[in-house]
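Basis for what follows: all heavy atoms, side chains included, without hydrogens, waters or symmetry-related copies. Naming convention: chains lettered A, B, ... in sequence-line order (proteins, then strands); numbering from 1 in each chain.
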Amino acid sequence: AQSVTQPDIHITVSEGASLELRCNYSYGATPYLFWYVQSPGQGLQLLLKYFSGDTLVQGIKGFEAEFKRSQSSFTLRKPSVHWSDAAEYFCAVPGAYSSASKIIFGSGTRLSIRP
Amino acid sequence: NAGVTQTPKFQVLKTGQSMTLQCAQDMNHNSMYWYRQDPGMGLRLIYYSASEGTTDKGEVPNGYNVSRLNKREFSLRLESAAPSQTSVYFCASGVGQPQHFGDGTRLSIL
């Protein structure tokens, strides 16, 4: 069955430092992969998505993600974080029947920014 | 601003009461979704609608019903609320996958 794991529940980085958030998936074929961000008290926003092709995907707000098939990973990165990046980040993969509509979310990684 | 609007933002119900959560989007998206978010569990899909007039079950549909009233609106109904349905509910819309989410409805069932 498809699943997604975010091994880090909470990460704290200093403002201006680089960020790396991990995501591992279990999927029977080449997956679609997504990263979402949820700011406090708000709904989620799609940051970026990988469907096929180049394994380095650019997203909004200066984020990028790298897909590594050999490691079943989809790692979110940002070169220099801002205080406004403090939020919860969710990785997601398609659910049953490879449907991008029925995506499965990870349990999330909460990002705190140290001034 | 364009987006997804959910009402109400907060609601407290007693066990056994019914209520409908409303959702409207103005981005002309075909697909709309209802999720619930519980601590440490990410988001779980309750129902989704690929287009006007169609709905399909997600991971956790029991205890819920939905109506896709038109292209803009997608409502979620709890017929007989139970404490296990205490959660934050999010509506979303998109093309192919959920892209835009509302700000959520915090629902408590006593």
Side-chain angles (χ1 to χ4, degrees), chain A residues 1-10 21-27 31-52 57 59-61 65 74 76 87-110, chain B residues 1-7 9-10 21-25 27 29-51 54-61 66 68 74 76 87-106:
Chain A
Q2 294 86 348
S3 66
V4 58
T5 302
Q6 295 181 246
D8 302 306
I9 295 174
H10 184 204
L21 299 182
R22 299 181 292 164
C23 171
N24 294 99
Y25 64 89
S26 172
Y27 198 78
Y32 304 150
L33 295 159
F34 309 89
W35 274 103
Y36 290 81
V37 60
Q38 184 179 29
S39 297
Q42 297 185 16
L44 279 70
Q45 181 180 19
L46 179 64
L47 276 177
L48 48 79
K49 57 187 178 184
Y50 170 79
F51 278 2
S52 65
V57 181
I60 62 172
K61 303 186 178 187
F74 190 49
L76 183 70
E88 189 141 19
Y89 292 81
F90 294 92
C91 182
V93 297
Y97 311 116
S98 302
S99 169
S101 292
K102 291 189 175 183
I103 63 174
I104 297 171
F105 289 88
S107 55
T109 297
R110 183 161 63 92
Chain B
N1 284 343
V4 179
T5 303
Q6 291 183 235
T7 55
K9 294 189 184 303
F10 303 93
L21 279 61
Q22 306 288 351
C23 175
Q25 53 97 4
M27 292 168 286
H29 289 154
N30 283 325
S31 298
M32 297 186 72
Y33 313 80
W34 275 106
Y35 291 89
R36 59 177 290 172
Q37 184 176 35
D38 302 292
M41 300 188 70
L43 274 77
R44 292 180 292 169
L45 181 65
I46 304 171
Y47 271 94
Y48 87 103
S49 170
S51 62
T54 67
T55 61
D56 198 2
K57 295 179 180 179
E59 295 175 73
V60 289
V66 290
R68 183 73 182 268
F74 188 37
L76 178 72
S87 188
V88 182
Y89 291 84
F90 288 98
C91 177
S93 72
V95 178
Q97 70 280 324
Q99 293 169 280
H100 297 273
F101 285 72
D103 288 339
T105 296
R106 290 188 175 275

Once you round to the nearest 0.5 Å, how far does CG of B:D38 lie from OG of A:S107?
-> 12.5 Å
Which residues satisfy the ring pair (Phe, Tyr, Trp, His ring centres under 6.0 Å) test with A:F105, sequence neighbours excluded?
-> A:Y36, B:Y35
Assert top hit (heavy-atom pairs under 4.5 Å, partner chain A, pool B:G102, B:C91, B:P39) equals B:G102
Cut-off 4.5 Å, heavy atoms of chain A, and the answer for B:Q6 is neither
Segment of B:K9 engaging chain A (4.5 angstrom heavy-atom cut-off) | neither
Can you tell me how far NE2 of B:H100 sits from CG of A:L44, rounded to the nearest 0.5 angstrom?
-> 12.5 Å
Could you tell me which non-hydrogen atom of B:Q97 sits nearest to which non-hydrogen atom of A:F34, and how far apart they are?
-> CG-CE2, 3.5 Å
Per-residue contact mode, B:D56 against chain A (heavy atom under 4.5 angstrom) | side chain
Is B:P98 close to A:I103 at the side-chain level, that is, under 4.5 Å between some pair of heavy atoms?
-> yes
Step through the shown structure and confirm whether more than 12 heavy atoms of other residues, nucleotides or ligands are within 6.0 Å of CD1 on A:I60.
-> yes
With B:R68, which residues qualify under salt bridge (Lys or Arg N to Asp or Glu O under 4.0 Å), at least two apart?
-> none
Would you say B:R106 has more than 12 foreign heavy atoms packed within less than 6.0 Å of its CZ?
-> no
Beyond-backbone contact of A:F90 with B:Q37, side-chain heavy atoms, under 4.5 angstrom = yes
Is it the side chain or the backbone of A:Q38 that comes within 4.5 Å of chain B heavy atoms, both, or neither?
-> side chain
